[in-house]
Protein chains: 2
Amino acid sequence: MTETPVVHIVDDDDAMRHSLEWLLKPLGLEVKTYASAASFLSNHDRDRVACLVTDVRMPGMSGLELHEALAKAGSTMPVIVITGHGDVPMAVRAMRAGAIDFIEKPLNNQLLIERIHEALRLARARRDEAGQIAPIRARFSALTAREREVACLVAAGRQNKMIAHELGISLKTVEIHRHNAMDKMGATTGADLARMLTLAGAI
Amino acid sequence: MTETPVVHIVDDDDAMRHSLEWLLKPLGLEVKTYASAASFLSNHDRDRVACLVTDVRMPGMSGLELHEALAKAGSTMPVIVITGHGDVPMAVRAMRAGAIDFIEKPLNNQLLIERIHEALRLARARRDEAGQIAPIRARFSALTAREREVACLVAAGRQNKMIAHELGISLKTVEIHRHNAMDKMGATTGADLARMLTLAGAI
DNA sequence: GCAAGTTTAGGGGTTAACCCCTAAGCGCCT
DNA sequence: AGGCGCTTAGGGGTTAACCCCTAAACTTGC
């Protein structure tokens, strides 16, 4: 039931990739290695619980650019940045972009493993949250404009009579839109609808 | 109506405190300076929209320790760390603790001003959010155990009859607890209650 | 232009929620 | 021992919400 989490390793140094693979595999983690940022971006599976460990200095796209590209592509995958020749501005740039940690080589294996577990915990938490909210958002965006409007007012705690007055339509019409919205959202009561829209950030 | 935000400066170097004061005052910001972390912790006003700019190396408590002490005390004040002699682990520690930025001296004034504005925007956003949620939490914790139980089930979308069955009590009793809970929470409808409890993270 | 979907509106009945009242049993504290 | 607050429960009435039905005006797209 608990799927194995994946640790993606991006480093142009073959020896480093292999050494990290040997370090992490015995921990029961699935390890996938890539020699370049481009290779990772086009080949990794977006639907797994995973984290990314990337070197900074690489031919082509750097680890920091990879991190930013990943975020821009809408991924929330936790990232750990490692580097042989780091400096303060580089570390700050990585951390401001949301990295879990910025670790200098030679790597402290225990620290790296700890950070990887932290990253995977975060990845699980984000997947669980997204698994709750994404379907709600999808159903919400499938509502018609009027249904959204009515649903938001219901969720804000207005009663049908008030909504009819605010929108300048009849009580009967509000009842229709409310019923259709709750049907499409899979809500059984107004409170249920309110919980969903609040979770989705619609109100 | 818009209260002036405060920039707290903590640095043991008199010249640096004065220079930052001269830099920031003309921007319409209220500046308060402290020569030590302890002086800041015991003298600053917790109720203002504010950010903290702190040096790392100081006699007594360091800037990093100050940041961690502030977080431990429950403050969400955004922190900018500045330092004359920084290194990568120090920068990472500051950023992992949640600092907005870690800036090395000599300071780039434009960058610092930009980060201070970013920090104050964040402070305003956090105050606005807390201003919504804190009173809800307070009212929620003022409910009796049974009222909380009923309120959570209402907010989860159950109807009174189901709640009565789940709790093994009569419909009439559920109606009483529901009414009292909604009264104490200031909710006008079940949807209103659901929105509040979802915002407060009670369900 | 017709088909499909959206928005609008009503009739009429059932169920759930809300509001007023009383009231008993229980634990806790002064 | 009496008061206070919480929990429990009911009677009885009003209002709001829900459910089934029809149906017209309007937009969008093939």
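Letters A, B, ... mirror the listed sequences (proteins, then strands); counts begin at 1.
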Asks: Using the closest heavy atom to pick a nucleotide of DNA chain D for each, name whichever of B:E147 or A:R158 lands nearer the 5' end.
Replies: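 Per heavy-atom nearest nucleotide, the more 5' residue is B:E147.
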Asks: Under the 3.5 Å rule, do the base of D:dG5 and the side chain of B:K184 count as making a donor-acceptor pair?
Replies: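 No such pair is found, so the answer is no.
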Asks: For A:S39 and A:S36, test the side chains for any donor-to-acceptor distance below 3.5 angstrom and give the result as yes or no.
Replies: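 Judged by distance alone, the side chains do not pair up.
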Asks: Are any of A:K161's side-chain N or O atoms less than 4.0 Å away from OP1 or OP2 of D:dA16?
Replies: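 The answer is yes; a side-chain N or O of A:K161 sits under 4.0 Å from OP1 or OP2.
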Asks: Using modelled atom types and a 3.5 Å cut-off, is there a donor and acceptor pairing between side-chain atoms of A:H44 and backbone atoms of A:F40?
Replies: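 Yes; judged by distance alone, with no hydrogens or angles, the pair exists.
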Asks: From CZ of A:R178 over to P of D:dA16, roughly how many Å is that when rounded to an integer?
Replies: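 Whole-Å distance recorded here is 12 Å.
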Asks: C:dT8 C1' sits how many Å from A:H177 NE2, rounded?
Replies: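 Value for this atom pair: 7 Å.
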Asks: Roughly how far, to the nearest 0.5 Å, is CG of B:D45 from NE2 of B:H8?
Replies: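 CG of B:D45 is found 7.0 Å from NE2 of B:H8.
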Asks: From C:dT8, D:dC19, D:dG10, pick the nucleotide closest to the side chain of A:R146?
Replies: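 Among C:dT8, D:dC19, D:dG10, the one nearest the side chain of A:R146 is C:dT8.
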Asks: Tell me whether the side-chain N/O atoms of A:N160 come closer than 4.0 Å to OP1 or OP2 in D:dA17.
Replies: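 Yes, because at least one side-chain N or O of A:N160 sits under 4.0 Å from OP1 or OP2 of D:dA17.
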Asks: Between C:dT15 atom P and B:E175 atom CD, what is the distance in whole Å?
Replies: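 Taking atom P of C:dT15 as the reference, CD of B:E175 is at 16 Å.
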Asks: With a 3.5 Å distance limit and no angle check, can you tell me whether A:R195 reaches the backbone of B:G157 through a side-chain donor-acceptor pair?
Replies: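 No, the answer is negative, given that no donor and acceptor are paired below the 3.5 Å cut-off.
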Asks: Could you give the CG-to-C1' distance, from B:L193 to C:dC18, as a whole number of Å?
Replies: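 Interatomic distance, CG of B:L193 to C1' of C:dC18: 15 Å.
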Asks: Nearest-Å distance, CG (A:L167) to C1' (C:dT8)?
Replies: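 Atom-to-atom, A:L167 to C:dT8, this comes out as 13 Å.
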Asks: Go through D:dC18, C:dC18, C:dA16 for me and flag the one nearest to the A:M182 side chain.
Replies: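 Side chain of A:M182 sits closest to D:dC18.
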Asks: Quickly work out the A:Q159 CD to D:dA16 P distance and round it to whole Å.
Replies: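 Taking CD of A:Q159 and P of D:dA16, I get 6 Å after rounding.
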Asks: Tell me: CD1 of B:I176 to P of C:dT22, nearest whole Å?
Replies: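 Taking atom P of C:dT22 as the reference, CD1 of B:I176 is at 13 Å.
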Asks: Please pick, from D:dA9, D:dA16, C:dG10, the nucleotide with the shortest atom-to-atom distance to any side-chain atom of B:T173.
Replies: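 So the side chain of B:T173 is nearest to D:dA9.
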Asks: Which heavy atom in B:I133 sits nearest to a heavy atom in B:A200, and how many Å separate them?
Replies: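 Smallest interatomic distance, heavy atoms only, reads CG2-CA, 4.2 Å.
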Asks: Any side-chain N or O of A:T144 under 4.0 Å from OP1/OP2 of C:dG5?
Replies: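 No, no such contact exists.
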Asks: Rounded to the nearest Å, what distance is computed from the NE2 atom of residue A:H179 to the C1' atom of nucleotide C:dT6?
Replies: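 Those two atoms, NE2 and C1', are 16 Å apart.
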